Amino acid sequence: MKSIIALAFLCLASWVHGAQDWSLTLDDAQMAKAAGLFEQNCALCHGADRSGYAADHAPSLKSPQLLSTGFPSHLFTAIGYGRKGTAMAAYSEEMGGPLAREDINLLTRWLLQVEGIEPLKLPGDAVEGDAVAGAQTYSALCANCHGDQGQGVYAPAIGDQSLLANASDAFLKYALEHGRDGTPMGSYSKLLGEKGVNNVVAYLRSQASGWAPEPVKLRAPPTPDQYVLNPEGDDPEFTVRVEFQEKRYKTDGLYEGRYVPAAEVVKALEEKKRFILLDTRPASAWQRSHIPGAVPMPYYRDKDRANDLQLPDPSEGVMIVAYCACPHAASDYVINNLRALGYPTELTAVIDEGILVWTAMGLPVVAGEKLVAAGN
Ligand code: HEC
Ligand code: HEC
């Protein structure tokens with residue numbers, strides 16, 4: 001197993017490094033372009049100032065510890081390929097996302113240059129430690145933030161295979177020893193000592209099972225004549241929940257009712273009601289799996305172009321229900337834009353739970369051309 005992982009790591013390293021320019025000397029035009037890409041695609045969750053936690057518990061992208069040790073491959077692959085099972089979707093075109101390889105390269109370099117951080121050269125050797133002792137430390141000290149299986153949610157999913165494939169032992173050790181400035185991740189040097197830290201790193205490494213980027217076969221999205229589900233059906237009647245949120249994408253403080261329980265949406269699908277489902281995540285996430293019949297309408301499309309998808313005119317009275325990952329940032333943003341374009345409150349809603357919870361509840365999703373069990 002170790003050799004397979006080492007091989008995957010090598011292939012990945014040559015794939016990331018091959019023919020790419022990783023110099024940190026972006027000129028003003030490149031800096032401006034990268035800032036624009038960040039604002040359009042990333043600020044929603046990571047915050048306009050990159051300090052993280054604007055939505056979906058997205059981590060900071062400005063801590064010197066992440067930037068100096070994550071450059072370039074950890075950052076580049078996270079952006080290009082995302083982290084499965086989390087709100088971090090893949091942004092590369094080959095995965096169905098919006099960004100060309102050069103754009104991801106530019107963003108990766110910009111993240112360091114804008115903070116004035118220099119990359120650190122970490123040792124390449126494997127860290128030796130006692131994985132069994134490390135597992136105990138993990139359950140006692142780390143599981144309440146990172147999840148008992150490293151599945152994350154409030155803190156990054158450090159059991160995720162793409163993360164483990166890209167994070168060297170030294171990268172993990174550095175994060176544990178130095179923490180991450182400006183975030184809930186503290187330093188464990190004093191508490192655990194070097195031996196204790198090595199044990200936890202050995203435990204995390206023992207959870208890796210190998211990963212390689214898998215380009216997907218991209219599917220064509222539905223055409224406008226296919227948007228409305230059950231065009232002959234009755235209109236659905238949803239119970240909406242109102243919520244007050246202080247968010248950067250807030251329009252008016254108190255949100256009008258907009259949150260519909262997932263169970264009612266499933267019922268409306270089963271009862272063949274007439275409505276439109278919008279998947280507002282990056283299109284790569286729609287490619288991987290989506291709720292049956294959902295139309296991809298990623299949040300990063302220009303606001304003013306919100307309706308170049310040719311949704312039916314509001315006068316046709318078709319209900320529009322949006323969803324994203326966990327649970328509201330992107331879908332709220334898209335629904336606000338549609339409301340600004342004249343789609344009325346009573347015809348626009350958001351699935352309260354998001355698709356991650358939807359899948360965890362065992363509700364149906366489509367992957368590939370066929371219907372599969374939840375969780376894939
Ligand atoms: C109080 C909650 C909390 C605890 C406890 C905690 N962490 Fe973290 N950890 C975080 C957060 C939040 C981040 C992301 C910080 C950021 O924004 O960069 C993080 C980041 C990390 C990272 C970097 C992951 C990446 O994707 O770059 C590693 C590795 C890590 N933690 C390991 C551990 C281990 C091992 C323990 C236990 C010894 C632990 N953490 C305890 C909250 C926590
Ligand atoms: C919908 C919310 C969302 C959006 C939009 C988003 N991210 Fe993330 N991002 C996350 C979350 C959540 C994580 C942590 C995933 C995990 O558990 O490992 C993350 C992780 C990352 C990481 C890994 C950080 C680490 O500590 O290891 C990088 C790098 C990153 N995102 C960059 C970006 C960039 C660049 C963009 C825009 C192109 C972007 N993200 C857009 C939610 C988002």
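The shown structure was predicted, so the numbers you read here are calculated from the model rather than taken from an experiment.
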- Reported CG-to-CG distance for the pair Leu107 and Leu37, which is rounded to 0.5 angstrom: 5.0 Å
- Message: For the backbone of Arg180 and the side chain of Ser63, can you confirm whether one donor and one acceptor N or O come within less than 3.5 Å of each other?
- Response: no
- Query: Are any non-hydrogen side-chain atoms of Leu67 and Leu75 less than 4.5 angstrom apart?
  - Reply: yes
- Item | Path from Val114 to Phe76 over hydrophobic side-chain contacts below 4.5 Å | yes
- Task: Check whether any side-chain heavy atom of Lys33 sits under 4.5 Å from a side-chain heavy atom of Asp103, and report yes or no.
- Result: yes
- Message: Side chains of Glu353 and Trp358, heavy atoms from C-beta outward: is any pair under 4.5 Å?
- Response: no
- Smallest separation among heavy atoms of Pro292 and Pro364, with atom names: CD-O, 3.5 Å
- Intermediate values then yes/no, side-chain contact (heavy atoms from CB on, under 4.5 Å), Asn144 and Tyr154: CA-CA 9 Å; Asn144 60 345; Tyr154 298 108; over 6 Å; no
- Indicate whether any N or O donor in one side chain lies under 3.5 Å from an N or O acceptor in the other, for Glu264 and Thr239. yes
- Query: Backbone N or O of Thr25 within a donor-acceptor pair of the Gln113 side chain at under 3.5 Å?
  - Reply: yes
- Measure from the side-chain N and O atoms of His46 to the backbone N and O of Pro59, and report whether any donor-acceptor pair falls under 3.5 Å. yes
- Should Leu229 and Leu347 be regarded as members of a common hydrophobic cluster, given that ILVMFWY residues are connected when their side-chain heavy atoms come within less than 4.5 Å of each other, either directly or indirectly? no
- Rounded to the nearest 0.5 Å, what separation is found between the OG1 atom of Thr280 and the CH2 atom of Trp286? 14.0 Å
- Could you walk me through whether Gln161 and Ser209 pass side-chain hydrogen bond (donor to acceptor under 3.5 Å, both in side chains), step by step? CA-CA 7 Å; Gln161 296 309 316; Ser209 62; 3.2 Å; yes
- Item | Option among Val265, Ile351, Val266 that satisfies the side chain to side chain contact (heavy atoms under 4.5 Å, CB included) test with Ile291 | Ile351
- Query: Looking only at heavy atoms, which two atoms of Lys273 and Asp235 are closest? And how far apart?
  - Reply: CD-O, 4.0 Å
- Query: Where the side chain of Asp56 meets the backbone of Ala58, is there a donor-acceptor pair that is under 3.5 Å apart?
  - Reply: no
- Any side-chain heavy atom of Ser60 sitting closer than 4.5 Å to one from Leu66? no
- Taking all atoms of both residues into account, what is the closest heavy-atom pair of Arg274 and Val228, and its distance? CG-CG1, 3.6 Å
- Message: What verdict does the side-chain contact (heavy atoms from CB on, under 4.5 Å) test give for Ile117 and Leu24, after you've listed the backbone C-alpha separation in whole Å, the side-chain angles of each residue and the deciding distance to 0.1 Å?
- Response: CA-CA 9 Å; Ile117 303 283; Leu24 294 172; over 6 Å; no
- Kindly indicate, with the supporting measurements, whether the criterion side-chain hydrogen bond (donor to acceptor under 3.5 Å, both in side chains) is fulfilled by Tyr299 and Asp332. CA-CA 9 Å; Tyr299 66 88; Asp332 274 343; over 6 Å; no
- Query: Between Asp130 and Val132, which heavy-atom pair has the shortest distance, and what is it?
  - Reply: OD1-N, 3.0 Å
- Query: Counting only N and O atoms by type, is there a donor-acceptor contact under 3.5 Å from the side chain of Ser289 to the main-chain atoms of Ala285?
  - Reply: no
- How far does CD of Gln287 sit from CG of Asp279, to the nearest 0.5 angstrom? 10.5 Å
- What closest approach, in Å, do Ala349 and Met319 show between heavy atoms, and which atom pair accounts for it? CB-CE, 3.5 Å
- Message: Can you confirm whether Ile104 sits close enough to Glu102 that some side-chain heavy atom of one is under 4.5 Å from a side-chain heavy atom of the other?
- Response: no
- Query: Got a donor-acceptor contact below 3.5 angstrom from the Gln40 side chain to the Tyr300 backbone?
  - Reply: yes
- Task: Could you check Asn105 against Arg109 for side-chain hydrogen bond (donor to acceptor under 3.5 Å, both in side chains), going step by step and ending with a plain yes or no?
- Result: CA-CA 6 Å; Asn105 174 298; Arg109 291 192 287 157; 2.8 Å; yes
- Donor-acceptor pair, side chain of Arg83 and main chain of Ala89, under 3.5 angstrom: no
- Query: Do Leu112 and Leu120 share a hydrophobic cluster (ILVMFWY, side-chain heavy atoms under 4.5 Å, transitive)?
  - Reply: yes
- Pair Thr223, Gln226: side-chain N/O donor-acceptor within cut-off below 3.5 Å: yes
- Atom pair CE (Met297) and CD1 (Ile335), whose distance is rounded to the nearest 0.5 Å: 8.5 Å
- Does any N or O in the side chain of Ser331 come within less than 3.5 Å of the main-chain N or O of Tyr323, such that one atom is a donor and the other an acceptor? no
- Task: For the residue pair His74 and Phe171, establish whether any side-chain heavy-atom pair is separated by less than 4.5 Å.
- Result: yes
- Taking side chain as C-beta onward, heavy atoms only, is Trp22 less than 4.5 Å from Thr108? yes
- Between the side chains of Glu94 and Tyr81, does any donor sit under 3.5 Å from an acceptor? yes
- Message: Are Phe238 and Val357 linked, directly or through intermediate hydrophobic residues, by side-chain heavy-atom contacts shorter than 4.5 Å (ILVMFWY only)?
- Response: yes
- Is the closest basic N to carboxylate O distance between Lys84 and Asp160 below 4.0 Å? no
- Residues Leu26, Leu106; criterion side-chain contact (heavy atoms from CB on, under 4.5 Å); working and verdict: CA-CA 8 Å; Leu26 304 180; Leu106 189 65; 3.9 Å; yes
- Message: Is it the case that atom CG in Asp28 sees more than 12 heavy atoms from other parts of the structure closer than 6.0 Å?
- Response: no
- Query: Does a donor on one side chain sit under 3.5 Å from an acceptor on the other, for Asn198 and Glu128?
  - Reply: no
- Query: Does Ala133 offer a backbone N or O that forms a donor-acceptor pair with the side chain of Thr137 under 3.5 Å?
  - Reply: yes
- Supply the atom-to-atom distance Arg258 CZ to Asp352 CG, rounded to the nearest 0.5 angstrom. 11.5 Å
- Message: In terms of relative ring orientation, are Tyr138 and Tyr203 parallel, tilted or perpendicular, with 30° and 60° separating the classes?
- Response: tilted
- Candidate pair Arg101 and Glu93, rule side-chain contact (heavy atoms from CB on, under 4.5 Å), full reasoning: CA-CA 8 Å; Arg101 216 178 157 81; Glu93 277 175 344; over 6 Å; no
- Shared ILVMFWY cluster between Tyr53 and Leu111, side chains joined below 4.5 angstrom? no
- Query: Asn230 side chain to Glu232 main-chain N or O, any donor-acceptor pair under 3.5 Å?
  - Reply: no
- Scan side-chain atoms only and decide if Glu118 and Ser68 contain a donor-acceptor pair under the 3.5 Å cut-off. no
- Message: Side chains of Val200 and Leu192, heavy atoms from C-beta outward: is any pair under 4.5 Å?
- Response: yes
- Message: Let me confirm one number: the CG-CZ distance from Leu61 to Phe38, rounded to the nearest 0.5 Å.
- Response: 5.5 Å
- Which pair of non-hydrogen atoms, one from Pro298 and one from Pro296, has the smallest distance, and what is that distance? CD-C, 3.6 Å
- Cationic tip of Arg50 above Trp110 ring, under 6.0 Å, 45° of axis: yes
